[in-house]
Chemist: 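Provided herewith is a single structure, encoded as structure tokens, for subsequent inquiry.
Since the model is a prediction, treat every value here as computed from it, not as a measurement. Start at 1 and go down the list; that is how both ligands and their atoms are numbered.
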Amino acid sequence: MSPLALLLDYDGTLVPIEATPEIAAPDDELLRLLDHVAHRRGTVVHVISGRPRDVLERWLGALPIALWAEHGFWYRPMGAVEWTPASEIPQGWQDTVKAILRPFTAATPGSLIEEKSASLTWHYRLADSEFGARQARELRMRLEAALGHQPLEIREGKKVIEVGLRGVHKGLAIQWIVRSAEPPRALIALGDDATDEDMFAALPAHAVGIHVGHGPSRARHWLMNPAAVREWLMLL
Ligand SMILES: [Mg+2]
């Protein structure tokens, strides 16, 4: 049994939010710090991020820590090389959804499909705005009619319609850790934005949530910024 599990969000928690995501790569100080904390006796470090697997692997893959990508959808346990999906992947839903999206993409110049493991997104930002909006309404109705019985969620955003697996969020990681064969005796989770609130919401009563930055949060503790997070990690 590990006495302490430490769950750390990446962007905005361990590094400042950058204008473009690519320049948020970890600096040497951060890599040394995470390595140091990971070697602390009885401590397991988890980094949990919305970023895809390849980015986390490139940046943090050499450290003795666990990694969670796509908001907890993918899990790479400490010391493992393989990623496993933290929730079950229903079979065939991508094909069903793509079969619906494709004719809309063909009929709507400027629109495109973005594929991730746990979601398919139809973007129409570059389409004619009136026609695009009409197509989006039609598409949404078509999706709702076709997918009602599937474990999927249809979400509408700014010039996007996204179909994703229902219930994929950072709370999954907490549930996974708490229900594992060797649950930690103490659990501390740190994060800075809305997606981290799912993590705080899933924390068991004895766990500690730390919100990074100002603003309302479910977490009962806070640290000012990534620099403060690093100082706190150093003091552990
Ligand atoms: Mg963040």
Chemist: Distance alone, cut at 3.5 Å: any donor-acceptor contact between the side chains of E70 and S117?
Modeler: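 Their side chains do contain a donor-acceptor pair, which is all the 3.5 Å distance test asks for.
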Chemist: Specify which N/O/S atom of D192 comes nearest to the Mg ion (ligand 1), by atom name.
Modeler: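 Going through the N, O and S atoms of D192 one by one, OD1 ends up nearest to the Mg ion (ligand 1).
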Chemist: Tell me which N, O or S atom of D11 sits nearest to the Mg ion (ligand 1).
Modeler: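 Of all N, O or S atoms belonging to D11, O is the one nearest the Mg ion (ligand 1).
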Chemist: Between D11 and R51, does the side-chain contact (heavy atoms from CB on, under 4.5 Å) criterion hold? Intermediate values first, please.
Modeler: CA-CA 9 Å; D11 294 275; R51 289 180 178 272; 2.8 Å; yes
Chemist: Relative to each other, are the rings of W122 and F104 parallel, tilted or perpendicular (30° and 60° limits)?
Modeler: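 Rings of W122 and F104: perpendicular, as their planes differ by over 60°.
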Chemist: Using only N, O or S atoms, tell me which atom of D9 is closest to the Mg ion (ligand 1).
Modeler: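 Sorting the N, O and S atoms of D9 by distance to the Mg ion (ligand 1) puts OD2 first.
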Chemist: Assess whether a salt bridge exists between R230 and E29, defined as any Lys/Arg side-chain N lying under 4.0 Å from an Asp/Glu carboxylate O.
Modeler: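 Result for this pair is yes, salt bridge flagged.
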